[in-house]
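Note sheet for the following structure.
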Amino acid sequence: MRNKLVYILGALVAVLFVRNLYVILNVLPDEANQGAMYRIMFFHIPSWWTAGLALTVAGVTSGLYLATGKMKYDAISVSVTEVAVAFLCIGMTTGMIWARIIWGIWWTWDARLTSALICVLLYGGYLILRNGIEDPTSRARISAAFNIFAFVDVPIVWYSIRWWRTQHPQPMSLPPEMWSALLWNWLALILLMIIFIKMRLRQEEMRREVDGLRRLAHAI
Amino acid sequence: MTHAVAADDVWKYYGDYPALREIRLAVEPGSCLALLGRNGAGKTTLLRIFAGFSKAGKGSVSIFGRDARDLETRRRVGILGHGISVYDELSAFENLTLFGRLYGVADRRKTALDWLERVGLRHVRDGLVREFSRGMRQRLAIARAFLHDPQVLLLDEPFTALDDRAIAVLQTVLRDALARQCTIVLSTHQLREAMELATHVALLARGRLAYHGERSAEMLSDPGWLYARYGES
Amino acid sequence: MDERNFQYMFYGFSAAWVVIVIYALTLFARESKIKAEIDRLKSMLEEKDRK
Amino acid sequence: MAFWSQTFTIAAKDLRAELRSKEAINASFSFSLTILLLFSFAFVEEATIDIAGGLLWIVFAFAGALILNRSFARELPNDCLDALIAAPLPASALFLGKALANLLLLLAVEAVSFPVFGVFYNARWTGQFWTLALVAVLGTWGFTVIGTMFSALTVNLRLREVMLPLLVYPVMIPCLMAAMKLTGHLIGGEPLDAEMMVWMRFLIGFDVIFTALALALVDVVLVS
């Protein structure tokens with residue numbers, strides 16, 4: 001049953017992407033000085049929103065694991081975090097390509113960019129930490145605690161453009177049709193995230209099955 | 001009348017593997033329970049939950065009706081584990097005053113000196129533990145575990161790897177404690193010294209409680225008797 | 001549509017698409033590896049039972 | 001009241017054990033002096049003053065890590081950690097005590113490094129002395145809390161020596177950034193202006209958030 005659901009969602013996401021790309025490329029007018037480049041924002045901004053949403057979910061489930069000790073929360077937080085890291089990479093690459101043209105430089109130690117990079121480092125460290133620990137229970141406990149520590153950086157990324165002078169574009173008001181394109185693409189990215197999380201969760205269950213089988217194999 | 005030590009339907013998991021299953025156990029004040037079982041049956045896991053080192057996965061553990069992790073409860077529990085839990089860089093006296101202060105013992109210095117006398121280490125009170133022999137370290141561990149006059153004593157295979165002097169000291173300490181109506185839970189491998197003290201016996205097999213009851217005479221004479229009847233042979 | 005920076009916009013979109021594809025591939029690869037591990041263990045267990 | 005007396009007991013124990021064995025403090029001192037010396041070969045004389053803030057805090061972070069990594073690992077021989085977890089003191093008191101001991105050790109290393117830096121690079125670091133001292137303490141407390149917490153987090157791990165640096169440094173970056181900016185500014189001798197006050201508030205915020213988070217999580221982390 002699970003596979004069928006994933007395939008349906010997959011098809012839906014594909015259709016959504018095609019529709020969004022059509023709208024973004026053809027329907028919307030050009031922006032005065034950026035030319036065609038501004039259209040990257042329809043992927044750049046939603047990918048950061050999706051990553052932020054995912055990392056918040058991961059932070060909550062890590063807290064829930066520490067409170068209740070149920071392994072399913074640990075499975076959810078690792079799946080959601082891993083997918084979030086993928087979306088962080090999308091956000092970073094699209095941002096840097098946009099900066100290369102508009103600012104003329106790939107990277108600048110600007111408050112928003114630096115805190116975002118720290119975010120990638122922290123959650124990358126989380127993933128590396130996980131496969132450094134064998135025992136499932138202490139792996140869950142330690143990675144949940146680290147996830148909460150890493151989560152502190154997410155609001156810093158969000159508010160960095162308000163706290164420090166930053167070259168990063170400030171949130172501005174957009175004409176309604178741009179807003180709708182932005183939100184539609186965000187929906188597509190969220191559905192894509194859900195597919196990845198479902199697949200990753202299934203892998204976690206299979207890993208636990210492997211641990212069980214391995215213990216059985218040793219026990220006999 | 002609350003039990004001294006009680007486990008109410010305790011489960012403990014390592015990942016998906018249930019190290020402890022449905023443990024229901026109650027130990028009355030003044031009695032001494034011997035926890036038996038093969039290696040990996042869950043003796044140490046259960047003892048660590050009683051001692052507050054780890055929490056039960058499901059169910060609960062209580063000491064005099066209160067949670068094992070509660071601060072007041074921990075003040076009344078003395079623990080002697082495999083490790084001697086004293087600091088190599090500190091002297092015998094410093095170790096005991098340190099734990100005396102942590103446990104809020106009233107007159108730390110006098111109590112420390114009394115216990116050093118009792119375990120025969122008074123003459124090396126300022127010597128660093130690093131230079132102590134194995135037997136001296138074990139006796140200091142006994143002093144550190146029972147310095148704060150606990151009402152509940154938890155010991156993990158207490159008599160294994162002790163030298164004869166340390167065994168003598170430990171036996172007198174435990175007999176005193178029983179005389180003063182303290183409660184003792186000790187895990188053991190059928191050692192005669194441990195079985196003599198036990199008033200009750202609990203057998204763990206693969207994480208389950210296979211037997212719990214009075215310690216009868218034949219259990220003492222024939223160590224294999226209990227395993228044959230209840231545990232898997 | 002304005003031709004300026006068009007190819008960079010294309011690079012941007014393709015970069016995003018490439019990251020998604022790479023991640024999807026790693027997911028599939030890992031999934032097949034774990035499936036293989038499960039089948040191997042299962043066969044090992046059955047073979048032990050028969051002995 | 002008992003909470004603070006237990007915290008100071010743990011701190012005193014840690015300091016006494018460390019000063020007797022000197023296993024971490026020697027390494028930290030020699031490491032920081034060596035690196036300070038090497039920097040003089042790495043950079044041209046005049047340039048060193050401008051990047052002084054960065055240099056010093058890199059030395060403190062790595063020299064500090066030598067002490068912080070040992071913090072809970074010191075409890076492993078003879079299973080002393082079990083005794084402390086079973087003792088009737090809250091895990092937060094145990095954590096705070098160890099963090100205080102580490103703070104004092106790290107401040108000792110810094111108290112030596114600052115004058116040595118002044119001598120090697122004839123930098124007049126005493127211009128804004130008290131503000132600089134405040135920044136040093138705030139910055140050191142920031143990464144002490146994280147280092148001590150992660151030492152507790154990874155104490156039972158087989159790969160502890162590998163895992164710790166991997167985890168600690170990314171989390172420390174904001175604190176080190178703020179400390180570097182403030183120290184660089186203060187070593188130039190001018191007082192803090194509005195721009196620097198943003199960094200100061202950021203550093204204080206960082207310390208408060210992570211101290212609170214560490215105190216809340218340490219019990220869950222230590223009691224498996």
Side-chain angles (χ1 to χ4, degrees), chain A residues 10 13 17 21 24-26 28-44 46-47 79 82-83 85-98 100-102 189 192-193 195-196 199-200 202-207 209-217 219-220, chain C:
Chain A
V13 165
F17 267 132
L21 274 176
I24 293 169
L25 292 177
N26 301 334
L28 294 183
D30 282 340
E31 210 262 356
N33 42 37
Q34 285 189 20
M37 194 59 208
Y38 86 98
R39 285 179 170 75
I40 198 77
M41 84 174 181
F42 293 109
F43 272 91
H44 177 71
S47 63
S79 314
E82 190 174 288
V83 174
V85 168
F87 277 92
L88 286 180
C89 295
I90 296 175
M92 283 296 242
T93 41
T94 48
M96 281 162 70
I97 292 173
W98 179 86
R100 177 71 187 80
I101 297 305
I102 306 303
L189 283 175
L192 182 66
M193 177 179 80
I195 296 172
F196 281 154
M199 287 167 67
R200 186 63 182 74
R202 197 145 32 95
Q203 274 179 26
E204 275 302 304
E205 271 141 33
M206 284 155 66
R207 278 214 184 116
E209 199 185 332
V210 164
D211 289 346
L213 288 172
R214 226 177 249 143
R215 198 168 298 110
L216 264 176
I220 294 171
Chain C
M1 182 174 50
D2 188 324
E3 284 319 314
R4 274 178 303 143
N5 337 346
F6 175 81
Q7 87 265 40
Y8 273 95
M9 184 199 75
F10 174 73
Y11 294 153
F13 277 24
S14 47
W17 185 77
V18 161
V19 172
I20 291 176
V21 164
I22 289 174
Y23 183 60
L25 289 181
T26 50
L27 273 182
F28 287 124
R30 249 185 304 173
E31 190 155 334
S32 55
K33 195 161 63 69
I34 293 178
K35 266 208 186 81
E37 177 75 7
I38 288 180
D39 299 341
R40 187 181 63 80
L41 280 170
K42 276 206 178 107
S43 57
M44 210 166 79
L45 278 172
E46 270 121 28
E47 179 232 307
K48 260 194 182 157
D49 293 345
R50 269 197 308 282
K51 256 221 295 307

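Letters A, B, ... mirror the listed sequences (proteins, then strands); counts begin at 1. This one's a predicted model, so the numbers in the text were calculated from it and none came from an experiment.
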Between A/Glu82 and C/Leu27, is the side chain to side chain contact (heavy atoms under 4.5 Å, CB included) condition met? List the steps. CA-CA 10 Å; A/Glu82 190 174 288; C/Leu27 273 182; 4.1 Å; yes
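Top candidate by heavy-atom pairs under 4.5 Å with chain C, chosen from A/Leu21, A/Val85, A/Ile97, A/Thr94, is A/Ile97. Contact tally against chain A (heavy-atom pairs below 4.5 Å) for C/Phe13, C/Phe28, C/Trp17: the top residue is C/Phe13.
To the nearest 0.5 Å, the span separating CD1 on A/Ile40 from CZ on C/Phe10 amounts to 11.0 Å.
Contact of the C/Arg30 side chain with the A/Arg207 side chain is registered, since non-hydrogen atoms from C-beta on lie closer than 4.5 Å. Looking only at side-chain heavy atoms (C-beta outward), C/Tyr11 and A/Arg100 stay at 4.5 Å or farther from each other. Under the 4.5 Å side-chain criterion, counting only non-hydrogen atoms from C-beta, C/Glu37 is not in contact with A/Met206.
When all heavy atoms of C/Ile34 and A/Gln203 are compared, the pair lying nearest together is CD1-O, 4.1 Å. In this structure, C/Ala16 and A/Ile90 approach most closely via the heavy-atom pair CB-CG2, 3.8 Å. Of all heavy-atom pairs between C/Val19 and A/Ala86, the closest is CG1-O, 3.8 Å.
Using a 4.5 Å cut-off between heavy atoms, C/Ile20 contacts chain A through both its backbone and its side chain. Neither the backbone nor the side chain of A/Ile195 comes within less than 4.5 Å of any heavy atom in chain C. Both the backbone and the side chain of A/Val83 come within contact range of chain C, judged by heavy atoms closer than 4.5 Å. For chain A, the nearby part of C/Leu41 is the side chain; its heavy atoms alone come within less than 4.5 Å. With a threshold of 4.5 angstrom between heavy atoms, A/Phe43 approaches chain C through side-chain atoms but not through N, CA, C or O.
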